[in-house]
Number of protein chains: 2
Amino acid sequence: MTLDTRLSWTDVRDQVRARILNRTYAPGDRLPRDEDIAQELGCARTTVHRAMQDLALSGLVERKRKGGTHVRADPVTRATFDIPITRREVEDRGAKYNYQLISREMEQTPRAVMARFGLQAPAQMLRVRALHLADNRPYILEDRWVDTTSTPEILKVDLAQHSANEWLVRNKPYSRVDVRFSAITAEGTTAEYLAAPLGSALFVIERTTWIGADPITTVQSVAAPGYQLVAQS
Amino acid sequence: MTLDTRLSWTDVRDQVRARILNRTYAPGDRLPRDEDIAQELGCARTTVHRAMQDLALSGLVERKRKGGTHVRADPVTRATFDIPITRREVEDRGAKYNYQLISREMEQTPRAVMARFGLQAPAQMLRVRALHLADNRPYILEDRWVDTTSTPEILKVDLAQHSANEWLVRNKPYSRVDVRFSAITAEGTTAEYLAAPLGSALFVIERTTWIGADPITTVQSVAAPGYQLVAQS
DNA sequence: AAGTGGTCTAGACCACGGA
DNA sequence: CCGTGGTCTAGACCACTTG
C-alpha cells in the first residue's frame with residue numbers, strides 16, 4: 001500500500017531541501033531533471049517545477065535551461081524587509097503617532113540628491129523636512145525631495161496636516177524603487193530634532209522612487225538611536 | 001483580427017499592475033475574480049493566478065480565499081537583500097580579500113547572545129572574533145558564537161586559515177535564519193580593529209541561524225565606516 | 001453554505017543555452 | 001542541435017473564510 005494523499009509542492013520542496021541539507025545533493029551538484037524527480041516521487045512535473053521555483057527564489061539552487069538545476073556552492077542569505085508607512089510602523093508598535101512639519105521649500109537639488117535620481121543637471125524640487133514621533137518622542141526624521149514636474153499635486157497638499165510620506169504612498173504609485181541602508185553620526189540639527197546625543201550612531205534608510213523614467217521622490221529617513229530593522233520571516 | 005500571440009503571465013501582471021497604477025482598481029478595491037479576468041483577457045485562469053501570485057508577493061495586492069483580491073490600501077515597500085560570504089562580497093567589488101583571526105575561545109554566552117538564540121540559560125560556546133579586509137583595509141569585524149553541541153566539527157577547523165563565516169556557510173546548512181540591521185558607535189577595540197575614528201557610526205548586521213530547534217551560530221558583523229547595503233533589484 | 005483562491009494533473013509547445 | 005527548464009491550457013477538486 002502506498003499513501004493515498006497526493007504530494008503537494010511544499011512536500012516536494014521539503015524533500016528536495018532535506019536532500020540538500022543532508023548532502024545527498026552536495027553544493028555544486030546537479031540535481032536530476034524535474035521530470036525524473038516527478039517520476040521518482042510520483043507527481044506531475046508541474047508540481048516539481050513549483051517546488052524548484054521556490055528553492056531557486058530562496059537562493060538554495062540555481063536553475064538554467066539546458067544546464068539543469070544546481071545546488072548553489074556559495075549560498076547567499078536572502079532577507080526581505082517590509083518598510084511600511086511610518087505612521088503604521090509606530091501604531092503597530094502600540095505607540096501614539098505624531099507628526100511635525102519642519103520645513104517646506106523649493107530648492108535646487110544638491111549633488112547627493114542628483115546622484116540618487118541619476119540626474120546630470122540640478123533641478124528645482126520641493127524639499128520637505130519632517131519629524132515623526134512615537135509616544136511624543138522623536139522616532140524618524142525625514143529629509144525628502146519631491147519632483148514637482150512628475151508630482152505637481154504635492155504643492156496643493158497641506159503638509160502640516162498630512163505627512164508627505166503618507167500622501168505619496170497612498171496617492172503616487174511608482175514603478176521602480178531603490179532602497180539602501182547605512183549609518184551616520186548624529187550632528188547638528190539632525191541630533192537636535194531626534195534628541196540624540198551628539199556623536200551617537202543613527203540608522204538611515206534611503207528610498208528613491210520613479211514612475212517610468214521620471215523621478216518622483218527621494219527620502220533620507222534617519223531613525224532615533226536604538227532603531228533596529230528586522231527581516232520578514 | 002486579434003493578436004495571435006498568447007498572453008504570458010507577465011503580460012497579465014503588467015496589465016493588472018497598470019490598472020492599479022492608473023486607479024482603475026483603486027487602493028482598497030476588490031479586483032474581479034481570477035476567472036473573470038482570465039475571460040476578459042482571453043487566457044487560462046492558471047495564468048491569471050500566476051500573475052496575481054507575483055503581485056501579492058511584491059506587496060501590491062492581498063489575496064484571501066472567498067475574500068477575493070484587494071489592492072493594498074497601505075502599500076509597503078518590500079526590499080530584498082542578498083548577504084553573501086564576506087570574501088565573495090569583497091572580491092565582487094574587485095578588491096583583494098584578506099582575513100585575520102583575532103581570537104578563538106570557549107566562553108559562556110552573555111545575555112545578549114542568549115537573547116538572540118532565545119536561550120533561557122547560559123551555555124558554553126566557541127567565540128570567534130575575526131577581521132575581514134579589502135585591499136588590506138579593515139572591511140568587516142565579526143564577533144561570532146558557535147554552538148559546539150550542534151556543530152562540534154568547528155573545533156577541528158583551522159580558523160586561522162579559513163574564516164568561520166566561510167566554513168559554516170559552505171558546510172553547515174540551516175533551516176531558519178534571523179537577520180537584523182542596526183547602527184552602533186565606534187568604541188574601544190571595535191574602533192581600533194576597524195581603524196575607525198572614535199565615535200563614528202558603524203553599520204551592523206546580526207545574523208543568527210538554527211537547524212531545527214538547535215542553535216548553530218550567531219554573528220554580529222560590524223562594517224567599516226561608509227558601508228552601505230543596497231537592495232536587490 | 002457557498003464563493004474564491006490554491007493546487008494538482010496531463011499534455012503540449014516554447015525558448016534558452018550548452019555541446 | 002537538442003536537452004532542460006519555462007509556460008500555457010483545460011479541467012477537476014480542495015481548503016479556507018466569510019456571510
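Each chain gets a letter, A, B and so on, in the order its sequence line appears, and its residues count up from 1. Fair warning: this is a prediction, and the values are worked out from it, not measured in the lab. All heavy atoms count here, side chains included; hydrogens, waters and symmetry mates do not.
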Item to check | Closest non-hydrogen atom pair between B:R19 and B:N22, with its separation | outcome: O-OD1, 3.0 Å
Item to check | Lys/Arg N to Asp/Glu carboxylate O, A:D178 vs A:R180, below 4.0 Å | outcome: yes
Checklist entry - For DNA chain D, which residues in residues 65-73 of chain A have a heavy atom at a distance below 4.0 Å? => result A:R65, A:K66, A:G68, A:T69
Item to check | Those residues of residues 24-37 of chain A lying under 4.0 Å from DNA chain D by at least one heavy atom | outcome: A:R30, A:R33, A:D34
Checklist entry - Is B:R23 atom CZ crowded by more than 12 heavy atoms from other residues, nucleotides or ligands, each under 6.0 Å away? => result yes
Checklist entry - Does atom CZ of A:R170 have more than 12 heavy-atom neighbours from other groups under 6.0 Å away? => result yes
Checklist entry - Rounded to whole angstrom units, what separation is found between the CZ atom of A:R50 and the C1' atom of D:dT7? => result 14 Å
Below 3.5 Å between N/O atoms, which protein atoms pair up with nucleotides 10-12 of chain C? Just atom names and distances, please.
unit_1, atom_1, unit_2, atom_2, d
C:dA12, N6, A:R45, NH2, 3.3

Checklist entry - Ion pair present between B:R88 and A:D74, side-chain N to carboxylate O less than 4.0 angstrom? => result yes
Item to check | Test of ring centre spacing under 6.0 Å for A:F203 and B:F181 | outcome: no
Checklist entry - Residues from residues 7-16 of chain A sitting under 4.0 Å of DNA chain C, heavy atoms only? => result A:L7, A:S8, A:W9
Next on the checklist: Under 4.0 Å, heavy atom to any atom of DNA chain D: which of residues 52-62 of chain A qualify?
Outcome noted: none
Next on the checklist: Minimum heavy-atom separation for B:C43 and B:V12, please, with both atom names.
Outcome noted: SG-CG2, 4.1 Å
Checklist entry - Of the non-hydrogen atoms in B:R63 and B:H49, which two are nearest, and what is the gap between them? => result NH2-ND1, 3.3 Å
Item to check | Any donor-acceptor pair under 3.5 Å from A:S163 side chain to A:E166 backbone | outcome: yes
Checklist entry - Can you check whether A:H49 has a side-chain N or O nearer than 4.0 Å to OP1 or OP2 of D:dG6? => result yes
Item to check | B:R207 to B:Y174 six-membered ring, cation-pi geometry met (6.0 Å, 45°) | outcome: yes
Item to check | Chi angles and distances behind the side chain to side chain donor-acceptor pair (under 3.5 Å) call for B:T208, B:R116 | outcome: CA-CA 7 Å; B:T208 307; B:R116 285 189 235 159; 5.3 Å; no
Checklist entry - Are A:E89 and A:Y97 close enough, and set up right, to give a side chain to side chain donor-acceptor pair (under 3.5 Å), and what steps lead you there? => result CA-CA 9 Å; A:E89 187 177 331; A:Y97 174 75; over 6 Å; no
Item to check | Heavy-atom closest pair, residues B:P173 and B:I211 | outcome: O-CD1, 3.5 Å
Checklist entry - For the ring pair A:H132 and A:Y99, is the centre-to-centre distance below 6.0 Å? => result yes
Checklist entry - So does B:Q39 have more than 12 non-hydrogen atoms from other groups sitting under 6.0 Å from CD? => result no
Item to check | Interatomic spacing from OG1 in B:T69 to CG in B:L60 - rounded to 0.5 Å | outcome: 12.0 Å
Item to check | Passing candidate, side chain to side chain contact (heavy atoms under 4.5 Å, CB included) with B:L55, options B:V71, B:D14, B:V16, B:L31 | outcome: B:V16
Checklist entry - How bent is the helix from C:dA1-D:dT18 to C:dG18-D:dC1, comparing axes over its five end pairs at each side, to the nearest 10°? => result 20°
